[in-house]
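Each chain gets a letter, A, B and so on, in the order its sequence line appears, and its residues count up from 1.
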2 protein chains.
Amino acid sequence: MPGSYANCILRVNLSTGEVKKESIPEELLRKFIGGRGLGSYYLSQLMDPKAEPFSSENPLIFATGPLTGTPAPTGGRYMVICKSPLTGLIACSNSGGTFGAELKAAGYDMIIFEGVAEKPVYLSIKDDEVELKSAEHLWGLDTHETTDRLLEEFGDTKARVSCIGPAGENLVRFACVMNDKHRAAGRSGVGAVMGYKKLKAIVVRGTKRTEPAEAEIFKNFLREKLDIIRTNPVTGEALPKLGTKVLDNIINESGLYPTRNFQTGVFEGTDEICGEALVEKGYLKKNKGCYACPIKCGRVTELPNKNKGEGPEYETGWAFGADCGVKDLIAITEANFLCNTLGLDPISCGATIACAMELFEKGYIPKEDLAAGPKPTFGSSEAIVYYTHAIAYRKGLGDKLAEGSKRLAEHYGAPELSMSVKGQELPAYDPRGVQGHGLAYATSNRGGCHVRAYLIAPEVLGSPEKLDPQAIEGKAQWVKIFQDLTAVIDSSGLCLFTSFALGAKDYRDLLAAATGFDYTIEEMMQCGERIWNLERVFNLKAGLDPKEDTLPKRLLEEPLPEGPNKGKVHRLPEMLPEYYEIRGWTKEGIPTEEKLKELGLA
Amino acid sequence: MPGSYANCILRVNLSTGEVKKESIPEELLRKFIGGRGLGSYYLSQLMDPKAEPFSSENPLIFATGPLTGTPAPTGGRYMVICKSPLTGLIACSNSGGTFGAELKAAGYDMIIFEGVAEKPVYLSIKDDEVELKSAEHLWGLDTHETTDRLLEEFGDTKARVSCIGPAGENLVRFACVMNDKHRAAGRSGVGAVMGYKKLKAIVVRGTKRTEPAEAEIFKNFLREKLDIIRTNPVTGEALPKLGTKVLDNIINESGLYPTRNFQTGVFEGTDEICGEALVEKGYLKKNKGCYACPIKCGRVTELPNKNKGEGPEYETGWAFGADCGVKDLIAITEANFLCNTLGLDPISCGATIACAMELFEKGYIPKEDLAAGPKPTFGSSEAIVYYTHAIAYRKGLGDKLAEGSKRLAEHYGAPELSMSVKGQELPAYDPRGVQGHGLAYATSNRGGCHVRAYLIAPEVLGSPEKLDPQAIEGKAQWVKIFQDLTAVIDSSGLCLFTSFALGAKDYRDLLAAATGFDYTIEEMMQCGERIWNLERVFNLKAGLDPKEDTLPKRLLEEPLPEGPNKGKVHRLPEMLPEYYEIRGWTKEGIPTEEKLKELGLA
């Protein structure tokens with residue numbers, strides 16, 4: 001048996017209440033690694049991709065990777081996989097904290113939930129003891145209340161909780177799954193699928209330990225990789241010091257900081273809301289790391305009103321800040337806290353509010369539709385807090401915002417104002433200033449996303465080398481490599497942030513020593529390519545039209561009006577054919593039979 | 001012995017720890033009624049008005065009126081009297097809630113604190129048992145924490161607490177005294193004097209009851225006055241429905257709503273922050289009344305982040321809202337909550353921040369003086385929350401703001417930008433649109449204040465009759481009558497809000513039946529005049545130059561730029577001589593020997 005795996009899937013049928021355990025064929029482990037890869041494989045096997053996201057046919061999979069729960073740096077990640085109610089495509093959301101490692105320590109690589117419970121339930125796991133319990137008393141509680149109550153009931157404060165808040169219960173299409181109170185499997189609405197299943201939470205306590213196949217080699221690699229991470233300027237200094245919000249000023253000065261729903265790329269209020277301001281204004285109390293993490297990019301914050309929590313991260317700060325034109329760091333942090341307690345993806349939440357602001361200012365949303373809410377105008381600090389709350393409870397206009405910006409903008413007859421790809425809101429980098437990153441947006445298997453191929457690293461930060469952000473030559477190849485490598489990292493159980501410091505060889509080293517699979521870099525990268533193609537095939541079967549490999553019209557046609565990228569648009573049409581070709585897909589964007597055979601997918 | 005009095009003063013020497021009780025000569029009760037009148041009399045007797053506000057020579061007096069603790073409608077008021085560290089003049093701040101009635105029920109009309117404690121103390125009162133106790137464990141706590149801790153220690157949840165927060169401890173010149181967590185003796189910095197004395201709190205439980213002199217007559221009057229209050233459109237309908245925030249739209253539409261530090265009188269964001277918005281946005285949870293109050297203008301509120309509290313009232317909503325150009329009702333309410341927990345007068349706090357905003361925008365405050373705080377620019381919702389907190393703790397620029405707008409503006413070389421009279425910040429009515437009300441501001445014995453003579457009632461609301469707000473004829477007489485009657489009401493223990501419905505005869509009825517003094521209306525009004533002149537004499541002795549009976553230059557010289565009062569300034573120079581004459585003062589504003597003799601003050 002390969003090392004570092006629990007070699008056990010927990011299968012829970014919520015319709016029947018049946019719980020069973022099964023092992024995983026070694027071949028699958030080697031081919032799909034774990035986490036995102038293995039979860040996506042099982043999803044593909046278990047459901048007809050055409051089935052509705054909100055249906056009993058959509059499984060919900062919690063998956064760890066082989067490095068989850070090991071002392072490998074950042075080895076605490078888990079993923080939630082299902083068909084997304086936001087995009088209608090495959091979803092895989094990744095989270096840190098300590099829940100994933102605890103699940104692994106209980107002896108499970110994955111949990112697969114099928115069916116739908118009749119009444120609210122939660123899953124209680126104490127190593128081998130697994131029980132579905134009534135969660136009727138928890139329904140309606142926020143994620144912090146739920147966690148506190150469950151830990152009390154469970155009677156072991158070392159237990160860990162992953163759960164949904166009111167947003168998931170109310171089927172908000174961008175509801176997330178929260179664990180350890182402040183950590184989110186954030187994107188694509190995986191929390192809404194959990195809510196549809198009436199699964200409120202998982203509480204888990206594990207006391208087991210998996211062993212790496214090659215203990216001594218693994219230990220040496222640990223030391224080596226830790227050193228690389230600690231001495232790298234991004235993971236050793238910038239991220240610990242300012243968290244992800246180290247990016248605010250960098251991205252703003254690069255003219256890439258999407259402002260007022262991507263109407264421009266420079267935000268005049270950046271100095272009031274940037275990472276430095278969070279420190280100077282005294283809101284940051286300390287750093288916090290996830291399981292086995294030497295980087296500790298988490299921010300523990302407290303506001304003048306004594307409200308405490310974690311965040312905002314770069315994306316959240318941007319979504320509620322520059323994207324909504326808001327420069328009130330207190331309101332931004334409050335909206336962030338609300339996302340955590342109510343269980344909302346802050347990127348989609350902030351970006352959907354930003355979309356509503358443009359719709360309202362341009363007269364598409366009539367005043368009477370606001371019900372009693374504040375006017376959603378750019379700069380309104382009250383609006384970001386009010387509507388975040390209203391979205392989770394689907395109150396007033398919040399009910400329409402809970403559908404996401406694509407459905408919102410379509411409803412009001414201005415679909416071009418949704419800054420989304422495949423229905424998922426774009427994150428905090430304007431692709432008109434980073435051509436490679438824009439290609440990654442357009443081709444991401446889960447829609448608008450920056451963590452499927454973070455081309456910002458080479459195009460802006462110069463890591464692993466500096467690329468001209470406006471160049472298009474060679475970018476398709478970079479995107480493919482980043483997509484494939486990211487699929488590997490996500491499947492391993494490590495955090496993507498390690499990739500500022502580590503390269504393919506480092507991941508290979510850790511994976512091979514942990515599992516015992518004698519991966520070459522090539523084989524490992526092919527695993528990534530396999531996962532990418534598996535996801536693509538799922539999406540095509542689900543009904544994806546490859547024409548959706550695109551960007552919002554604004555980004556393709558309206559030049560940036562100011563800043564270093566003034567006059568630029570994204571040149572996707574020139575880049576996409578090359579990408580398809582490098583992928584070994586037809587020029588229509590369909591993986592060829594040959595490619596799928598090569599990858600062992602057909 | 002007259003009815004409805006406890007006929008006992010508790011005298012507490014904080015320097016020596018001595019506590020004693022003494023009775024009150026009946027003649028003083030008849031002449032000064034109680035509360036504000038009697039407290040001011042004792043202050044005048046006990047201190048040299050020239051002594052420093054922050055010195056052991058400044059007594060701090062908690063005073064109830066004869067109607068405090070009776071079933072008379074709103075009969076729950078108490079007052080805090082001392083020399084003000086904000087104005088250097090006599091201070092008397094009035095508060096509701098239930099503390100005053102409880103103090104009376106313990107058997108005390110007044111508590112006079114003299115001297116200064118060496119270490120923090122609080123006064124514990126259980127009827128006759130009175131004890132000074134260490135408050136070292138409470139020092140630093142906010143008003144809510146202090147209240148909770150004291151109630152727990154006291155062991156009787158029926159006890160009531162009046163205390164200071166960090167702002168009082170830190171000698172913020174506009175710190176208030178808070179009771180029942182949410183009620184404030186708000187103005188003129190009485191909380192800072194309490195802090196200087198190291199007196200953290202008073203906790204009191206009383207089980208006694210005073211009896212009216214003429215029980216049957218009193219009972220009949222109660223019924224009659226209650227009926228008048230209940231059927232009056234202001235006290236029976238408008239205030240219960242929207243609280244004091246019923247005024248936002250009225251005052252804004254009248255062009256009197258001071259905006260951006262009185263730069264204009266119309267605020268474009270009023271619909272987002274008015275009383276109606278507080279209800280519609282769902283922040284208002286219910287109404288709340290003070291002791292024996294049929295009006296219940298209090299607002300119990302809860303924000304989307306689950307923060308709960310009371311308010312904002314009209315003045316608070318304005319000070320943090322229009323005056324700071326902020327239209328975020330959440331931030332305004334948070335700033336209000338902070339004022340309550342930290343112990344700050346929200347009028348002076350908001351108005352001082354507004355002054356800082358104008359100073360900053362006009363370049364008087366250099367950026368480096370902000371320390372790490374947000375830029376104080378008009379409209380900044382973050383700034384109102386941040387600086388409210390920073391003021392209480394005297395952090396960064398907050399240390400300078402804690403001195404009040406007059407000292408702040410002088411420090412930065414632009415004294416004309418402080419919208420204050422005699423050092424106390426003006427409240428929420430632009431006098432350029434209400435000439436009588438402006439005269440009341442200029443002549444108020446405690447500086448910028450609307451509740452020493454609320455001419456808005458006749459000049460805007462038409463109560464008891466409608467006066468032309470721009471007319472100056474006859475206004476001096478109106479101001480005198482309102483000032484004298486208000487002194488009576490404040491001394492009686494009733495709430496000024498009853499005066500929307502009740503007239504002089506009604507107060508006479510209640511006072512005479514309760515005390516047994518056979519007051520005529522004339523005698524009672526002369527009590528008011530006596531109190532007014534007593535305060536004036538104190539102020540002159542303290543060093544007041546009658547030239548300070550004025551308004552900020554802006555209000556006298558800069559015409560309102562828009563709205564119904566466009567082009568108007570305040571015509572104080574035309575009004576003041578008549579006021580002095582009607583007061584029987586010299587044309588320099590000094591009470592004549594004759595007038596003082598007539599009032600029994602010389």
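Proximity to chain A (any heavy atom under 4.5 Å) is shown, for B:Tyr393, by neither the backbone nor the side chain. Contact of B:Leu329 with chain A is made through backbone and side chain together, with heavy-atom distances under 4.5 Å. Proximity to chain B (any heavy atom under 4.5 Å) is shown, for A:Ser380, by neither the backbone nor the side chain. Neither the backbone nor the side chain of A:Phe337 comes within contact range of chain B; no heavy atoms are under 4.5 Å apart. Contact of A:Glu334 with chain B is made through the side chain alone, with heavy-atom distances under 4.5 Å. Looking at B:Lys327, only its backbone comes within 4.5 Å of chain A, counting heavy atoms on both sides.
Test A:Asp148, A:Asp142, A:Thr147 against A:Lys181 for side chain to side chain donor-acceptor pair (under 3.5 Å) and you get one pass: A:Asp148.
A:Arg149 CZ to A:Leu138 CG: the interatomic distance, rounded to the nearest 0.5 Å, is 6.0 Å.
Using a 30° and 60° split on the angle between ring planes, A:His144 and A:His182 fall in the perpendicular class, above 60°.
Of all heavy-atom pairs spanning B:Pro166 and B:Gly140, the tightest one is CG-O, 4.0 Å.
Interface remark: of the candidates A:Thr388, A:Val385, A:Asn307, A:Asn307 forms the most heavy-atom pairs closer than 4.5 Å to chain B.
Relative to the ring axis of B:Tyr386, B:Lys395 places its NZ or CZ within 45° and under 6.0 Å from the centre.
A donor-acceptor distance shorter than 3.5 angstrom exists from the side chain of A:Thr259 to the backbone of A:Tyr257, with no hydrogens or angles considered.
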